[in-house]
Every structure is written in C-alpha cells, then in structure tokens.
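Report on the following structure.
So that the names make sense, note that chain A is the first sequence line, chain B the second, and so on, each numbered from 1.
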Number of protein chains: 2
Amino acid sequence: MSASREDTAARRPGRGAEPYTLASLVEVAATAFLERGYDATSMEDLSRAAGITKSSFYHHVSGKEALLRGALDRALDGLFGVLAEPAALEGPPVDRLRHIVRRQVEVLATELPYVTLLLRLRGNTETERWALARRREFDQAVASLVREATEAGATHPQVDPGVAARLLSGTVNSLIEWYRPGRVPVPDLVDAVERQVFDGLLGASG
Amino acid sequence: MSASREDTAARRPGRGAEPYTLASLVEVAATAFLERGYDATSMEDLSRAAGITKSSFYHHVSGKEALLRGALDRALDGLFGVLAEPAALEGPPVDRLRHIVRRQVEVLATELPYVTLLLRLRGNTETERWALARRREFDQAVASLVREATEAGATHPQVDPGVAARLLSGTVNSLIEWYRPGRVPVPDLVDAVERQVFDGLLGASG
DNA sequence: GTCTATAATAGGATAGAC
DNA sequence: GTCTATCCTATTATAGAC
C-alpha cells in the first residue's frame, strides 16, 4: 500500500454551508472506497479526504461500518426504486425488462460509488451479508422476468434463462469498472447497454 | 471481519507428494482471496488453509505480495495465450473476436481464482499497477478488433465501438461473479456467452 | 521444515483539553 | 467541533530452537 493518498482533494463545508452530515461523509467515503477499495481505505484516509483529523471525523460518524452501511442503503434504495416503478410492474415481460435495464443503467451512473461498493462486497461482515441478500433479491426479480420472457417466446430458447439473466446483470453491472461521470452522456450509455443486452454486437434490429 | 475462517479445508502435501512449492501456495492463496478478497485475507488465514503455521508458511514464500504476483502472472499468461493463438490472429475480425471470446470464457472458467484476482485489482501497489497495465493491453487488443469489425460493417454502427468493446469485456468478465466449477458445463457456458455477446437476449440467428 | 515467541507497525477507536 | 495523545487489537514479518 505505497500509493499516494493525497490525491483526493480535501473539502470542508464552506462558510455558512451545512456542517458535516452522515450523508456528506458517506459521500466522501464512497468516493474513496471507489478508488482504493473498502478494506484498503483507512479512517485516516477518509478523515483527510473530509479535511479534518481522524478524531474529528469520529465525532460525526460511529465507525467505518456505518459509512459502509450508509452507502449500501443508498445503492439498494436506488435499485429497488426501479423495481417499484409502474413500467417495471405492468406490460409484457420483455418491455418491463427493457425498462428495468435502462433505468438500472441510470442508477448505476448517478449513484456510481454507492453501487460500486455494493457490487464488490465479499460478505465478510454481517452488514455485508445483509446487503448481499438484498442484492440477490433484486437479481432474482430480474431473473424471474427473463424466465417469463423466455416462456412467452420472446428470447431464443437455447440458453438457460438463469444463465442469460446472470449475463444480462453482468453486462449492466460491468459499467462500474469503467464508466466515470462525464465521459459518455448517460442517455447514450443507456441506449448502448440496451442494444448490447437485447440485440448483441451483431444486432439485427434498428 | 467476524466471519468464520475455518471453512477452507487444510491440506498438506500427502505422503510422498511434492513439498510446498510457490505454485501450490499461490493456488491456496488465490482460492482464499476469491472467497474473502485480497485485503481481508491475512497470512494467518493462508497458512492455516495450507495446513502449517504462519512462520512455516513464510519459510516457503516471501510475503503476501509475492502470492499476489504469482496469481496475477498465471492469469495474464492465460489471457495473453489466447491472443497468441492462430485463430485470434488470422481471418475476418468478427471470427477472430468470436474465437477470443470463446477461449477467454474457457480461461476464466479454468483459472477462475487467478483471473478473479486480476479483475478486482484497485492499483494500490506497484505490483497491482503493473498487472493493471498488462490487463489494459489485453482489453485494447479486443477493442481494436471490435473497431475493425465495425469498420468492416459487421456490427451495427449506432454504438461507439469503444463502448461496445467495454460492454463485451464486461459481459465475459462478469462470469467471475457467479460461475463456480461444476455448476454449468464449460462448453455450455462458452456457447451461452458467445450467443449473448453477439446476438443478445432476443438474438435473431440460430 | 516446522514450531513458539516476539518484534514492528498499521489501523480502528477513544480520552480529554481547548 | 476540533485537536493531540493514546489505547488496543490485528497483522505482516522475523528470530532462533528443535
């Protein structure tokens, strides 16, 4: 762990701005976790990124795990919010799937650090296992839709729907590995992922 | 980190078997890293998994980073080996791409712990940055092929080839998130990924 | 080659002054 | 709210006996 740790710009709340809130510190933490990984990021790193000492940092937050939990909550809220949208609940399976994929890309893009944290969990603590369980719920909802779509004859039947669903989720989630805000306009990204997922590289339609 | 750490079965070299080699310990380490993550796995965990004490473990290996390096070497050898195969070097871009995707799935499946480690790197140490640079080389070779295929008119032109290449790699690499040996026969997996990547979920051909 | 014991340090968390 | 100083445990790594 010899990498420079000064590259995250320190930022204190400006004159007259809000004091440190859990949400603002979760944001700082998630950004740092995104760069170096959760385990490799120390509380010292985080406090410096927030522009205060480690002790002061502890005055605002109970510990590292609380930051993790706050970030995971935000990620899961975003994802489950998509499942609750009307267009995800009504209509032919393929249309609902299309809507979910498109909105999921938007959530990944806008909540990038939080979702990244969720997708990199290994289940080492109780908090992590809880979040992983919720994530599995989300994946299973998507998998059910893929199965329905296959039963309705909308997808090619040669591939096991369970495997197809995992590859679909994998394609969408892989965004966290390279997408960074501003690089590609989100609407373009949404279209690209939809196309790749439903039509593949060779895509007949369009 | 309160998770049980006794779940990895201890294994010592059997009577008359080879003594501990770097390769055998790298194998033990990579398997443990796959479960808990690199940072969250201690040398104590690793030595116990190998069936000896931490001190004895250090007698065979210089440190944690050497194990990481050994595992990354193996992953990169597998991937670059694919690029060097005749079918990856000759023929129309789409055919070469198809071959690489299929073989890459096989390498991921057979070298799962090693490739997983490679794909989860954050670049925190010099070793990690070196491996990430080599990985980028591989990805760029694939991206070049996607660009060639697009220029040859083989793929639909609406999606930026750079983005398409990243989504392609993302789909293939996402295997490490769920594939475990024995669950799905490798040939089926290879076919499923090829289909998803080139034809998508709705896939016209076949 | 394996062990017990121990160094050396990093990192999470707290005490208490200001 | 912020700081300096400190505690305490986990972890990497080494010393030296057998």
Does the salt bridge (Lys or Arg N to Asp or Glu O under 4.0 Å) test come out yes or no for R147(A) and E151(A), once each step is laid out? CA-CA 6 Å; R147(A) 215 175 306 115; E151(A) 282 162 9; 5.8 Å; no
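- Distance, H59(B) NE2 to dA13(D) C1': 15 Å, rounded to whole Å.
- Counting only heavy atoms from C-beta on, M43(A) has its side chain closest to dA13(C) among dT2(D), dT4(C), dA13(C).
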Check the interface with nucleotides 14-18 of chain D: list each N/O to N/O pair with the protein under 3.5 Å, or write none.
unit_1	atom_1	unit_2	atom_2	d
dT14(D)	O4	S55(B)	OG	2.9
dA15(D)	N6	S55(B)	OG	3.4

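- Between R102(A) and E106(A) there is no salt bridge, since no side-chain N of the basic residue sits under 4.0 Å from a carboxylate O of the acidic one.
- The distance between atom NE2 of H60(A) and atom C1' of dG12(C), rounded to the nearest whole Å, is 17 Å.
- Taking atom CG on L46(A) and atom P on dA13(C), their separation rounds to 11 Å, with Å as the unit.
- When the C1' atom of dA13(D) is taken as reference, atom CD of E65(B) falls 14 Å away, rounded to whole Å.
- Comment: E111(B) engages R74(B) in a salt bridge, judged by a side-chain N to carboxylate O separation of less than 4.0 angstrom.
- dG12(C) atom C1' lies 12 Å from atom CG of D45(A), rounded to whole Å.
- Minimum atom distance to the side chain of K64(A) is reached by dA13(C), of the listed dG1(C), dT12(D), dA13(C).
- Residue R36(A) contributes atom CZ, which lies 11 Å from atom P of dG11(C) at whole-angstrom precision.
- Between the CZ atom of R48(B) and the P atom of dC3(C) there is a distance of 13 Å, given to the nearest Å.
- In this structure, R98(A) forms a cation-pi arrangement with F198(A), its terminal cationic atom sitting closer than 6.0 Å to the ring centre and no more than 45° off the ring axis.
- Look at E35(B) and R122(A) and you find no salt bridge, because none of the NZ, NE, NH1 or NH2 atoms lies under 4.0 Å from a carboxylate O.
- Residue S56(B) places none of its side-chain N or O atoms closer than 4.0 Å to OP1 or OP2 of dG1(C).
- Of the listed nucleotides (dT2(C), dT2(D), dT12(D)), dT2(D) has the atom at the smallest distance from the side chain of Y20(A).
- Between R103(A) and E85(A) there is a salt bridge, since a side-chain N of the basic residue sits under 4.0 Å from a carboxylate O of the acidic one.
- In this structure, L25(A) places its CG atom 14 Å from C1' of dT2(D), rounding to the nearest Å.
- Of the candidate nucleotides dG1(C), dG12(C), dT2(C), dG12(C) has the atom nearest to the side chain of S42(A).
- Between R69(A) and E65(A), no side-chain nitrogen of the basic residue sits less than 4.0 Å from a carboxylate oxygen of the acidic one, so the salt-bridge criterion is not met.
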